[in-house]
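For the single chain, residues carry numbers from 1 onward in sequence order.
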Amino acid sequence: MTVTTGRGQASPRSGGLAARLLATQVLVLLVGVLTAWIVTAAIGPTLFHDHLRRAGMTASPTEVQHAEEAFRSANLITLSLALLAALTAALAVSVYVTNRVGRSVAAVASAATDVAGGHYDARVPRPGLGAEFDELASAFNAMAGRLGSVEQTRRRLLADLAHEMRTPVSTLDAYLEGLEDGVTSLDTETAAVLRAQTRRLARLAEDVSAVSRLEEQQTRLRITPVAPEELVGAAVAAFADRYAAKRVELTRVLAGGLPDVRVDTERIGQALGNLLDNALRHTDPGGTVTITGRRAGRDVELAITDTGEGIPVEHLPHLFERFYRVDAARDRSHGGSGIGLAIAKALVEAHGGRITAASPGPGKGSTFTIRLPSVA
């Protein structure tokens, strides 16, 4: 048996496995048949002679010898035919089972080779050989699907990163070329533009580095008990001027008696800041952003609800992926890098919490909820 691997290449690996399984089963059967035949030939005549003696049969030694030889011959012939039939049936079953197992192993090997070659659409059918084989097929298919999703995210990340860098780099190049040709002078306005673009590149590099460190758990957290009111108060104070400048109302509604949460104040403040920045960018003047706090079992939930653009339901599962945007053109015009929500998610999960997003739909606002473990 040969196995098709990759995209049309053959490998004898699982054929060798099937052959070894079949050879092992045949060897076991032959040993069993030979053992049964030897035991029968050695013990059968002696038992027959003993029964004749106990029966008190009066016969000449020649007649007794002839009867024993007849018994031995009939017994061996019958046993041989029976064992041959049993061996044939067992071999047929062994060949069938071995082929089934071999095909299942071949399917896994072929699909694994496809996945190794970058073909993440490879799937293994359920072989129907028991729960263990079905679980193996399901686990492999789930792994292939996950790898495919990761690969798509990687490609999109690289494409978006290149796009994010292209604009500031092009602007810097154009201004530098203008300075070299004498078309542009290095006045205050030009210097401001150059500094803004370099800051944009620096911020992008810092954001990518931050989310990578967080996802690899390389960021140290200084965990202390902190009152939720203190966290929310600091976040509101930091964004008050920006919200006022855009004429977006920022309010907070916290339930009384909330327990302290165990967090790194600076890091969770950064996560809240990213969420408030996201809400501000997507809420038009005259809108409202509200921070609410409540107790949820042993945890504390902080929710940021805006009256802004809202989010289509199909985008909700992807909001916390790096560089993901619901509306790429609009988000870039708002100045977002597409990493803020990914950083917020990584920061919250580093504290043992979780973050979720919900929206009734476009034009109906959205809610981002952070759930953090409390001290109590």
Side-chain angles (χ1 to χ4, degrees), residues 157 160-161 164 196 199-246 248 250-252 254 258 260-283 289-293 299-306 308 318-325 331 334-357 366-375:
L157 186 151
D160 286 342
L161 182 59
E164 287 295 331
R199 281 196 298 268
R200 182 174 178 182
L201 285 174
R203 185 173 64 251
L204 179 62
E206 291 172 0
D207 287 347
V208 172
S209 177
V211 74
S212 297
R213 288 196 306 269
L214 286 166
E215 291 178 350
E216 295 173 4
Q217 299 181 348
Q218 294 181 356
T219 300
R220 294 184 178 179
L221 301 176
R222 297 181 177 86
I223 302 296
T224 57
V226 182
E229 295 85 354
E230 181 180 340
L231 291 174
V232 173
V236 169
F239 279 82
D241 291 341
R242 292 178 56 186
Y243 271 74
K246 192 176 178 180
V248 174
L250 178 59
T251 62
R252 49 181 164 172
L254 301 180
L258 291 178
D260 291 350
V261 290
R262 295 183 56 81
V263 298
D264 182 316
T265 305
E266 181 179 350
R267 296 299 185 180
I268 290 300
Q270 182 182 358
L272 288 173
N274 287 354
L275 295 180
L276 287 173
D277 178 70
N278 180 75
L280 179 61
R281 286 189 289 109
H282 295 285
T283 303
V289 174
T290 304
I291 305 179
T292 58
D299 300 333
V300 172
E301 284 188 350
L302 301 177
I304 298 178
T305 303
D306 62 65
H318 307 287
L319 289 178
F320 299 102
E321 296 176 5
R322 285 177 284 184
F323 293 110
Y324 189 87
R325 291 182 175 86
D331 279 355
H334 286 174
S337 67
I339 309 180
L341 293 181
I343 292 176
K345 178 177 183 292
L347 285 169
V348 171
E349 291 181 349
H351 286 80
R354 62 189 179 94
I355 183 172
T356 57
S366 58
T367 299
F368 289 83
T369 303
I370 293 177
R371 186 164 183 164
L372 297 169
S374 67
V375 175

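Once rounded to the nearest 0.5 Å, the distance linking CG of Asp306 with CG of Leu250 reads 11.5 Å. Atom CG of Leu231 and atom CG of Leu258 lie 11.0 Å apart (nearest 0.5 Å). Atoms OG1 and CD, on Thr265 and Glu230 in that order, are 6.0 Å from each other to the nearest 0.5 Å. For the atom pair CG (Leu275) and OG1 (Thr305), the distance works out to 11.0 Å, reported to the nearest 0.5 Å.
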Applying side-chain contact (heavy atoms from CB on, under 4.5 Å) to Phe239 and Val289, what does each step give before you reach the verdict? CA-CA 11 Å; Phe239 279 82; Val289 174; over 6 Å; no

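Contact of the Thr224 side chain with the Asp264 side chain is not registered, since no non-hydrogen atoms from C-beta on lie closer than 4.5 Å. The shortest side-chain heavy-atom distance between Thr292 and Glu301 does not fall under the 4.5 Å cut-off.
Not a single donor-acceptor pair under 3.5 Å links the side chain of Tyr243 to the backbone N or O of Val236. Checked by atom type and distance alone, the side chain of Lys246 pairs as donor or acceptor with a backbone atom of Thr283 at under 3.5 Å.
Heavy-atom minimum distance, Ala344 versus Asn274: N-ND2, 4.1 Å. The shortest non-hydrogen separation linking Arg242 to Asp277 is NH2-OD1, 2.6 Å. Considering all non-hydrogen atoms of both residues, Leu319 and Ala357 come closest at CD1-CB, 3.6 Å. Nearest heavy-atom pair, Pro225 versus Arg262, reported as atom, atom and distance to 0.1 Å: CG-NH1, 4.3 Å.
Residue Val261 is tested with Val300, Leu302, Ile268 for a side-chain contact (heavy atoms from CB on, under 4.5 Å); the sole match is Val300. With Leu272 as reference, Ile304 is the one residue of Leu347, Ile304, Ile291 to meet the side-chain contact (heavy atoms from CB on, under 4.5 Å) rule.
Heavy atoms of other residues, nucleotides or ligands lying less than 6.0 angstrom from CD of Glu229 number more than 12.
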